[in-house]
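In what follows, a single structure is set out as structure tokens and then discussed.
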There are 4 protein chains.
Amino acid sequence: MVDEEARGPGRPRSERARQAVLAAALALAAEAGPAGLTMEAIARRAGVSKETLYRWWHSKIEVVLDAMVDRGQQTVPLPDTGTLAGDLRAFLHATADSLDLGTARLLQSLAAAAAADEDTAIAIRDRFLAARRAALGQLLQRAAGRGEIDPGRAGLALDFVYGSLWYRLIFRVGPVDHQWADDVAAAIAAM
Amino acid sequence: MVDEEARGPGRPRSERARQAVLAAALALAAEAGPAGLTMEAIARRAGVSKETLYRWWHSKIEVVLDAMVDRGQQTVPLPDTGTLAGDLRAFLHATADSLDLGTARLLQSLAAAAAADEDTAIAIRDRFLAARRAALGQLLQRAAGRGEIDPGRAGLALDFVYGSLWYRLIFRVGPVDHQWADDVAAAIAAM
Amino acid sequence: MVDEEARGPGRPRSERARQAVLAAALALAAEAGPAGLTMEAIARRAGVSKETLYRWWHSKIEVVLDAMVDRGQQTVPLPDTGTLAGDLRAFLHATADSLDLGTARLLQSLAAAAAADEDTAIAIRDRFLAARRAALGQLLQRAAGRGEIDPGRAGLALDFVYGSLWYRLIFRVGPVDHQWADDVAAAIAAM
Amino acid sequence: MVDEEARGPGRPRSERARQAVLAAALALAAEAGPAGLTMEAIARRAGVSKETLYRWWHSKIEVVLDAMVDRGQQTVPLPDTGTLAGDLRAFLHATADSLDLGTARLLQSLAAAAAADEDTAIAIRDRFLAARRAALGQLLQRAAGRGEIDPGRAGLALDFVYGSLWYRLIFRVGPVDHQWADDVAAAIAAM
DNA sequence: CGGTAAGCGAGACGGTACGTCTTGTCTTATT
DNA sequence: AATAAGACAAGACGTACCGTCTCGCTTACCG
């Protein structure tokens with residue numbers, strides 16, 4: 001009883017093609033941003049036919065989401081400093097550090113797709129944002145257990161942290177840097 | 001004697017065309033959302049040639065921004081209840097109330113465009129977001145004058161309020177309703 | 001076992017689209033003349049996308065030339081009456097008879113395109129005029145073999161015959177009818 | 001009884017504008033050929049408004065025709081050598097000599113316009129070709145008077161001469177040079 | 001000498017064709 | 001059955017020219 005996937009007849013799906021597509025999607029999103037991220041370009045760059053692309057993914061965002069999951073993009077580790085302020089500071093510093101130019105463009109691609117289509121937004125929320133919210137939520141739960149924060153406000157804190165991050169990323173209202181991380185950590189810890 | 005405008009020779013710009021374009025852009029953004037908002041569609045709906053459209057606006061977002069400025073979209077009045085919590089509650093309730101489905105789609109169109117292109121983002125920030133931030137900023141300044149809030153945190157409060165709003169709008173993380181308004185008002189007032 | 005064509009992978013070219021385009025081009029040229037013959041109109045009429053049109057043809061004239069070759073437009077048969085005068089009379093009568101209003105408009109479309117662009121002119125010359133010149137040239141060679149005409153003048157005779165035909169067609173200097181055919185036949189035979 | 005034109009009130013037509021338009025049209029036709037000869041370009045180059053252009057001319061060809069008449073373009077002088085062959089040779093050599101590249105492009109512009117529109121063709125025929133035909137016709141009449149040629153064939157000779165010229169010009173079937181002039185002169189004189 | 005009228009430049013307007021691009025679907029031969 | 005190759009219909013993109021239109025300014029005449 002091996003988990004062989006019970007493959008039927010016919011040519012098996014090409015792992016090579018799958019990898020190439022995922023890599024191409026990430027690279028394009030990071031290099032060219034939302035404008036250059038098209039199904040056509042992904043297929044071209046991956047050396048894969050559009051037919052294959054559309055067979056397995058229905059939109060560029062599915063590709064990107066798959067790629068990020070596959071690459072384990074969500075690797076901001078959960079700190080444990082003993083205090084909410086410390087935990088937040090560490091977590092947000094790591095978050096800010098991960099936001100190089102390419103990553104910013106990738107996230108902007110996600111935001112553009114989410115804003116443009118409700119289904120896409122929900123997919124991104126459930127497959128990408130959820131993990132980040134869960135991680136930060138864990139930090140806040142721990143703090144609530146220590147009495148450092150009102151558990152009823154945990155949800156709003158999530159919105160504040162990630163809301164301000166995306167707000168800055170999308171509308172270029174300000175940088176997402178260590179200053180931001182410190183300020184947000186302090187404000188949330190005092191909530 | 002004052003609004004002479006010093007018009008030169010040549011046929012004057014058609015106010016009729018301008019109005020029709022602005023109305024068409026707003027209507028399309030509200031009805032069809034980001035997907036249906038194309039230069040072609042705006043021209044068609046406004047009964048205006050593409051030539052004319054491109055003569056005065058270089059992208060759909062410029063049109064929408066002009067339309068919103070022209071329509072005085074930013075009509076959330078500044079309340080004055082005497083306390084920050086009260087002011088915030090009133091302001092955010094009014095904000096939430098203004099977010100009907102059409103308006104939400106319009107804002108999503110803006111967000112999609114901002115995420116996709118830096119110049120567009122900056123234009124939206126300076127021509128649209130700035131007024132909202134200024135209004136809310138005024139409330140916070142007043143509160144800072146009364147000692148209700150640390151003036152150094154006013155900027156972050158702006159990010160939190162509008163960040164959470166856009167975050168919910170874009171990623172459908174939650175509604176922007178009276179519950180949201182109350183929660184945010186309370187949290188910000190306690191900051 | 002012979003007409004294998006060695007077709008590679010990929011969806012084969014649509015014969016239906018090709019036929020529709022050729023028919024549309026001929027119909028438009030015959031009905032509307034040079035003015036109505038646009039790539040847009042051909043695509044519209046053929047029920048074909050502009051993409052497809054431009055993939056296979058780079059200009060309206062290529063389409064028309066292909067259509068004429070495909071339709072075997074050059075169907076004036078070579079007569080053999082025994083004398084040059086007889087041959088010419090028969091050939092030119094047939095030529096004049098083929099010049100109904102639609103055909104005239106089609107030829108005018110060709111002339112307009114040839115006059116406007118050298119490459120187009122050469123394409124028309126080599127792909128369309130050449131066959132007519134060859135046919136008439138054969139008649140003249142035969143006559144030269146019988147000693148009826150100076151072989152050195154055959155080239156000029158071609159220019160005279162077709163030159164006068166196009167001259168009349170383009171500048172409306174006179175009709176291309178049986179009178180013309182008789183006059184030209186007599187003059188050339190006497191050369 | 002002066003030819004004062006009985007000018008009424010109002011600003012008189014600008015001779016400067018008229019000259020500039022005619023010069024621009026000729027220059028454009030000679031430099032850019034049929035493709036570059038647009039009303040827009042003529043107005044631009046002449047420093048004249050499109051309004052003015054359309055007030056006095058209804059199409060680019062009217063402009064070009066006016067320009068050629070104004071410039072006295074038809075200056076091939078009538079030779080008188082005593083024999084038809086001599087006259088023809090001289091006349092056609094002069095004709096060939098006048099056909100530099102710019103002139104050829106100008107004539108091609110005329111041909112393209114004539115082929116594309118019947119009214120235009122008739123205008124060109126009556127205002128431009130007629131003079132050439134008359135000149136050559138005179139030569140032939142003279143020859144007929146001397147018994148050198150059948151007067152009934154004069155019309156056809158005109159078609160042969162100018163037909164072969166335009167045929168070569170339009171379809172690039174061959175050069176219009178001294179060789180052509182000699183060949184045509186000999187053939188026509190022998191008719 | 002002041003009024004009237006036409007010409008002019010400038011340039012905006014609705015229309016339409018251009019040639020290119022991306023989308024999502026489809027049809028083949030090959031693996 | 002999956003692949004690559006690539007054709008296809010649809011339709012938006014931004015540009016160009018068309019012929020018309022409305023302005024303010026200029027340049028004549030005519031009363």
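Each chain gets a letter, A, B and so on, in the order the sequences are listed, and its residues count up from 1.
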C/Y54 OH - F/dG6 C1' separation (whole Å): 21 Å
Spacing between B/R13 atom CZ and E/dG14 atom P, to the nearest angstrom: 11 Å
Sugar-phosphate, base or nothing in reach of C/R18, heavy atoms under 4.0 Å: nothing
Atom pair distance, as rounded to whole Å: CZ in D/R55 and P in E/dA6: 10 Å
Presence of B/K60 side-chain N/O under 4.0 Å of F/dA12 phosphate oxygens OP1/OP2: no
Rounded distance (Å) that lies between atom P of E/dG11 and atom CE of D/M39: 19 Å
Atom-pair distance (NE2 on C/H58; C1' on E/dC18), nearest Å: 15 Å
First of A/T38 and C/T38 reached from the 5' end of DNA chain E, by closest nucleotide: C/T38
Test item: D/R45 and D/E31 side chains (from C-beta on) under 4.5 Å apart, heavy atoms: yes
First encountered from the 5' end of DNA chain F, between A/S14 and C/E15: A/S14
Base-contact (B) and sugar-phosphate-only (S) positions in nucleotides 26-31 of chain E, heavy-atom cut-off under 4.0 Å, - elsewhere: BBBS-B
Short side-chain N/O contact to E/dC13 OP1/OP2 from B/S49, under 4.0 Å: no
Check: C/H58 and C/M39 side chains under 4.5 Å, non-hydrogen atoms: no
Which nucleotide in F/dC13, F/dA12, E/dG14 has an atom nearest any side-chain atom of B/V48: E/dG14
D/R16 side-chain N/O to E/dG9 phosphate OP1/OP2 under 4.0 Å: yes
Length of the CG-P vector between A/L37 and E/dT22, whole Å: 12 Å
Nucleotide E/dA17, atom C1' - distance to CG of C/L28 in whole Å: 14 Å
Nucleotide F/dA9, atom P - distance to CZ of C/R45 in whole Å: 17 Å
Check against side-chain contact (heavy atoms from CB on, under 4.5 Å), D/W56 and D/E62: CA-CA 9 Å; D/W56 301 107; D/E62 280 190 38; over 6 Å; no
D/V64 vs D/L37 side-chain heavy atoms within contact, under 4.5 Å: yes
Minimum side-chain heavy-atom gap D/L26-D/L22 below 4.5 Å: no
Side-chain heavy-atom pair B/R172, B/Q108 within 4.5 angstrom cut-off: yes
D/W56 side-chain proximity, nearest of E/dC8, F/dC8, E/dA12: E/dC8
Main-chain N/O of C/V48 paired with C/T52 side-chain donor or acceptor, under 3.5 Å: no
Residue-phosphate contact under 4.0 Å: D/T52 side-chain N/O, E/dG9 OP1/OP2: yes
